[in-house]
Amino acid sequence: MLEHYEAVIGLEVHAELATRSKIFCACPTSFGASPNTFCCPICMGFPGTLPVLNRTALLLGVKAGLVTGCEISREVRFHRKHYTYPDLPKSYQITQYDCPLCTGGSLTFSLPTGERTVEITRIHLEEDAGKLLHTKEHGTLVDHNRCGIPLIEVVTQPTIHSSEEAVAFLKALRLRLIYAGVSDCKMQEGSLRCDVNLSVRKKGETSLGVRTEMKNLGSFSAVAKAIDSEFRRQVQVLENGGEIYRETRRVDETTGESFLLRRKETEADYRFLPEPDLPPFVLEEEWLSSVAEELPELPESRGERYQKQYGLSEEEARLLTASPALSDFFQSCAEETPYVKLLAGLLLGEISRRLPADPSAKDFPKSSAPFSKTVTLWGEGKLNSTAAKKLALLVWQGEQDPVAVMERLNLGQISDPTVIRTWILSVLEEDPSFLDSYRKGKTNVVKAIAGAVMARSQGKADPVWVNRLLAEVLSAR
Ligand code: ADP
Ligand code: MG
Ligand code: ZN
């Protein structure tokens, strides 16, 4: 039955903004503090307190809009959205309503089936609520540290049709927000969360079905599982002659299965009203253009440049731009060594294996020069690849002078033909079975001889010379 239906999906993505203090007060935003230590009368909503907008939160919201091709509203307004919940001490959330900061953007990304564009309806600023902790011993506890953490909410059009598309969109969005410094988007710390709205319709239909909303998904795999499972559930309900209700559902993140949480509130339930303590104001053109000038080069355009400028493959370019810290380090090395292909291989192999999934600048050496110098030594044939990798790791761990280390550890590559020839002859002499097999036509023994010569040289012989001289010696026998 599934193949007769199409999923229609719109996402609402919340990202915590990378500010040091909260959106309307001076409390710190650091993650992992003891409960209820980073809050004050303002973010707790005590009567008589006054919120003041954090300038950086506004700046980051504008940047989010600019890197997703949105129009930036010249007028900034806030509303109160009322609902009562134990993690919301004010019983309202300050958010944006009829005048979101950014509107009408889009994001294009590639899938195995080709390029896709998803339209972004709006991006607005708002404050986060607190967090409930459900414990066995003490029942449900409230931590207010998260109250007032600045968020953007990114809302897409309902033009996504599969879990693959949804995840690809989220990955593309996340990478841009990280590059622009809008958010660290650490999903494991909840700085990027996603609500999935999903309805189904028969293929070929154009009207929208009734949707359900699955709240607060904290990983790409949870998003994918929730979509696949909810799609199947809705199709099954309709096929059995049932009806889909507009409702909010809670997702079990391991299975993707969802359960009814509540039938959806309507907009009137929220009693939106203009926030009286934050009067509307106007953004100056000059400030907006200075923000636009501050934006970094985005991953896609960096990747294209790497392919053109350094002859890297599309895959290499994509991997090297998967984090701004890696891309920055690559870039500064690429200006210091002509052997950029070797550099890319080393960074994506030996080094990437030792980096965390989301590396930041502190995971890289402060100066790129010793690393680039190592690559140059390799490129010039002064090191073979095994020694180059070894030296690169030592430099990564803090060695500053690769030439000195190379000499101290005797890592230099030997490409002196006379020396290599002596090694070949002694290897053949010590183990006559090598020549026997070779004479019997077992050509794969050549590899074994080369290996023995490499071992004799303690890995330092230049393999190109070993193979060349070995061919010479063998053909003369
Ligand atoms: P609300 O403010 O009630 O959450 P919105 O109109 O802002 O509603 O839409 C929220 C999200 O739901 C958007 O991402 C939108 O694309 C998506 N959406 C709206 N209608 C549908 C539908 N029929 N099926 C799937 N997604 C939908
Ligand atoms: Mg919503
Ligand atoms: Zn506070």
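Just so you know, these numbers use all the heavy atoms, side chains as well, and skip hydrogens, waters and symmetry mates. Note that the structure is a prediction, hence the values are computed from the model and not measured. One-based numbering, in listed order, for ligands and for the atoms of each.
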Just checking, Lys203 and Tyr5: is the charged tip under 6.0 Å from the six-membered ring centre and within 45° of the axis? no
NZ or CZ of Arg249 within 45° of Phe259 ring axis and under 6.0 Å: no
Side chain, backbone, both or neither: the part of Lys81 lying under 4.0 Å from ligand 1 by heavy atom: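 Under 4.0 Å from ligand 1, Lys81 contributes no heavy atoms.
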What do we get for Val155 next to ligand 1 when only non-hydrogen atoms under 4.0 Å count, side chain, backbone, both or neither?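 Looking at Val155 and ligand 1, just side chain atoms fall under 4.0 Å.
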Per-atom contacts, ligand 1 versus [X] - under 4.0 Å to a heavy atom:
X      : value
Leu208 : 23 (N)
Gly10  : 14 (O), 16 (O), 17 (C), 26 (N)
Gln157 : 16 (O)
Arg246 : 3 (O)
Leu11  : 14 (O)
Ser199 : 22 (C), 23 (N), 24 (N), 25 (C)
Gly209 : 23 (N)
Thr156 : 13 (C), 14 (O), 15 (C), 16 (O)

Audit row: Tyr310, Phe330, ring pair (Phe, Tyr, Trp, His ring centres under 6.0 Å) steps and yes/no: CA-CA 11 Å; Tyr310 304 121; Phe330 165 76; 5.7 Å; yes
Compare Glu213, Glu12, Glu267, Arg211 and give the one whose heavy atom is closest to atom 5 (P) of ligand 1.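 Looking at heavy atoms only, Arg211 sits closest to atom 5 (P) of ligand 1.
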Tell me the nearest of Thr159, Asn197, Ile9 to atom 11 (C) of ligand 1, using heavy-atom distances.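 Comparing heavy atoms across Thr159, Asn197, Ile9, the nearest one to atom 11 (C) of ligand 1 lies in Asn197.
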Pair Glu126-His124, side-chain donor/acceptor within less than 3.5 Å: yes
Glu205 and Ser207 side chains, donor-acceptor separation under 3.5 Å: no
Angle subtended at the Zn ion (ligand 3) by SG of Cys25 and SG of Cys43, to 10 degrees? 110°
Which angle, to 10 degrees, forms at the Zn ion (ligand 3) with SG of Cys27 on one side and SG of Cys40 on the other?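 Rounded to 10°, it measures 100°.
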Let me see the working for Asp328 and Arg302 under salt bridge (Lys or Arg N to Asp or Glu O under 4.0 Å), right down to the final yes or no. CA-CA 10 Å; Asp328 287 346; Arg302 283 197 199 195; 2.8 Å; yes
Greater than 12 external heavy atoms within 6.0 Å of Arg20's CZ: no
Glu71 atom CD, over 12 foreign heavy atoms within 6.0 Å: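 No - once you tally the heavy atoms of other residues, nucleotides and ligands closer than 6.0 Å, there are 12 at most.
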Give yes if a backbone or side-chain nitrogen or oxygen of Val210 is under 3.5 Å from a nitrogen or oxygen of ligand 1, and no if not. no
Indicate yes or no: does Glu316 engage Arg318 in a salt bridge with an N to O separation below 4.0 Å. no
Scan Gln93, Lys22, Lys90, Arg146 and name whichever one has a side-chain hydrogen bond (donor to acceptor under 3.5 Å, both in side chains) with Glu127.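 When side-chain hydrogen bond (donor to acceptor under 3.5 Å, both in side chains) is applied between Glu127 and each of Gln93, Lys22, Lys90, Arg146, only Lys90 qualifies.
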